[in-house]
Amino acid sequence: MSTTPQRMFQHALVSRNALVLFFLITATLYLVYSSRFISSNDHPCPMHEEHLDFLTNLSSTFHASEQNGHSETSQTGLSLLKIPEKSDTELKHIVFGIAASADLWEKRKEYVKVWWRPKETRGIVWMDRRVRVRKNEDLPEIRVSADTSKFKYSNRQGHRSALRISRVVSETLKLGLKDVRWFVMGDDDTVFIVDNVVRILSKYDHRQFYYVGSSSESHLQNIYFSYAMAYGGGGFAISYPLAKELAKMQDRCIQRYPGLYGSDDRMQACMAELGVPLSREAGFHQYDVYGDLLGLLSAHPVTPLASLHHLDVVQPIFPRMNRARGLQHLFKSVNLDSASVMQQSICYDTTRYWSISVSWGFVVQVWRGVISPRELEMPSRTFLNWYKRADYTAYAFNTRPVTKHPCSKPFIFYMYANRYDRARKQTMGIYHSYNTGSPVCRWKMDSPEKINSIVVLKKPDVHRWQKSPRRDCCRVLPSNKPSTMYLWVGSCRGDEISELQQQ
């Protein structure tokens, strides 16, 4: 009995000694391994070294930038963080491709003359057949489009001319013109404000793939065709590298879509195959509407006016003038301050409680009472939908009705003359009343019918679209003539807003 406890004690002692020895060996190995890992540089981990170098370079790059007083990455820093250079696109870098019809050219060439600048603008008019060319007409070069009879076309409502028009950009590219950054496509009844086209395209890197344009005003048109499509009448732009890529595949692409209606939806189909989406610019205007453009043009979005289309369909933009003459009259303002043409400003006459909207270079409207800017910047429906059975819900934007109340109708003053005052470095526009007879109003307040003319003073601002977009501010100036109102229009001061300031 006495030997058993002794054996048990000896066994426990041996087990404890073994356990202690195990921990001693483990600790010794850990210390040896750790000291070798810390002190040795013979076999560093490659991934750790790569990340360490990356972080070191990144840190030194930003440290050097801070010492130089700016936050941009230096030439030796990470290329992914480099800020792209600002575009210096000019009018000489843009080539216009104008799709025209020989049957309509004698009439529509008058639209082209309005905006075309001989020896400044570059472009080609592409015809379906030869036309008579007169000397000294200040028009672009005229060429005949290539034969497209080999292409299939199966749309019963359309016309085969859509095939040749869809190839205007590609045919213009093949001419091999030098120093081209953009191709701009338009119709012969499209008027471009070319300086604003330059301003819009300058925002984009012409070395990349860009397809720039806008949709239709008609919601139904966009549904039937595509909201992803740039409408050709309103005009669209394609960067040079994209035009080159398009030219490689366009003929094959056209063959795949014989059922499409027009040239612009074929173009968008090819853009879809190339994977290039539409970059929207609201200044390109298809104007799929009928009637009077007053409501649209007097509440133009805060973006440069780039184009006007369907000029044969809508009424002349100035009353008592034909279409071409009205456009020439508008270009008196365009030539003085193209960046601001059609830009809206809103202000209030605090003594007479009038609301005033100025569409610079085009029209001034004055209402009795106070109408909010939210309402005034919304186009009034002076126009009709492209689909005559469609009501106002079939527009692709918000509109407001034309008021029927005799006291709520606006008093309209169209631009009569515009000139530049060199001494004061400002434009002075005179807007004459266009009221065919004021309806009887029983409101006991001053009536704008006493005003015969409005003088609008404004300093041109060629750099306005290089700043964040904002509607111009407007102020009513003192006048010693009860029949004349003086307005100032320009950049807002400080915390200035459009509101009726109570006196």
Side-chain angles (χ1 to χ4, degrees), residues 87 89 93-99 123-124 126 145-146 148 151-155 158-175 180-187 190 192 197 200-219 221-286 288 306-307 309 396:
S87 172
T89 294
H93 298 128
I94 299 172
V95 174
F96 291 87
I98 304 166
I124 307 292
W126 292 96
S145 300
T148 56
F151 295 104
K152 295 179 290 184
Y153 187 86
S154 58
N155 190 295
H159 194 275
R160 286 191 61 88
S161 61
L163 295 170
R164 75 170 186 89
I165 294 173
S166 66
R167 300 176 75 248
V168 161
V169 171
S170 296
E171 288 198 68
T172 307
L173 172 74
K174 292 177 182 178
L175 297 178
V180 180
R181 296 185 179 183
W182 294 92
F183 293 97
V184 174
M185 166 82 185
D187 287 350
T190 302
F192 290 101
V197 173
I200 290 171
L201 297 182
S202 293
K203 299 189 302 183
Y204 299 92
D205 185 352
H206 61 276
R207 297 164 296 185
Q208 306 296 323
F209 285 6
Y210 278 109
Y211 167 51
V212 181
S214 189
S215 301
S216 171
E217 292 74 21
S218 168
H219 174 60
Q221 283 280 85
N222 293 322
I223 291 295
Y224 295 151
F225 295 98
S226 174
Y227 265 104
M229 180 182 90
Y231 278 70
F236 59 82
I238 294 179
S239 59
Y240 185 84
L242 179 56
K244 288 180 63 178
E245 203 68 21
L246 173 69
K248 296 176 185 177
M249 53 81 74
Q250 188 175 24
D251 286 357
R252 298 193 306 275
C253 176
I254 289 174
Q255 291 284 38
R256 288 191 281 271
Y257 301 97
L260 294 181
Y261 175 86
S263 61
D264 38 16
D265 48 357
R266 280 178 170 76
M267 184 69 72
Q268 192 274 325
C270 298
M271 292 295 118
E273 292 192 5
L274 291 169
V276 180
L278 175 64
S279 295
R280 299 183 182 278
E281 290 290 345
F284 292 93
H285 295 292
Q286 173 73 7
D288 282 338
S307 67
H309 180 234

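Worth saying up front: this structure is predicted, and the values here are computed from it rather than measured.
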field: Whether E281 side chain and V212 backbone form a donor-acceptor pair below 3.5 Å
entry: no
- prompt: Between the side chains of R266 and S166, is a donor N or O closer than 3.5 angstrom to an acceptor N or O?
  reply: no
Pair Y227-Q221, side-chain donor/acceptor within less than 3.5 Å: no
- request: With rounding to the nearest 0.5 Å, note down the distance linking CG in L246 to SG in C253.
  value: 7.5 Å
- request: Compute whether any side-chain donor of one residue and acceptor of the other, for T148 and R160, lie under 3.5 angstrom apart.
  value: no
- prompt: At what distance, to the nearest 0.5 angstrom, does CE of M271 lie from CZ of F236?
  reply: 7.5 Å
message: Can you tell me how far apart NE2 (H206) and OG (S239) are? Round to the nearest 0.5 Å.
response: 9.0 Å
query: Under 3.5 Å, is there a donor-acceptor pair between the side chain of S307 and the main chain of F192?
result: no
- prompt: Do S216 and D288 meet the criterion of a side-chain donor-acceptor pair at a distance under 3.5 Å?
  reply: yes
task: Indicate yes or no for a side-chain donor-acceptor contact from H309 to the backbone of Q286 under 3.5 Å, with no hydrogens or angles considered.
output: yes
query: So, R164 side chain and W126 main chain: donor-acceptor pair closer than 3.5 Å or not?
result: yes
task: If the plane angle is over 60° it's perpendicular, under 30° parallel, otherwise tilted; pick one for F225 and Y231.
output: perpendicular
task: Hey, could you give me the CD/CD distance between E273 and Q250, rounded to the nearest 0.5 Å?
output: 11.0 Å
field: Greater than 12 external heavy atoms within 6.0 Å of F151's CZ
entry: yes
Heavy-atom donor-acceptor pair, T190 side chain to G186 backbone, under 3.5 Å: no
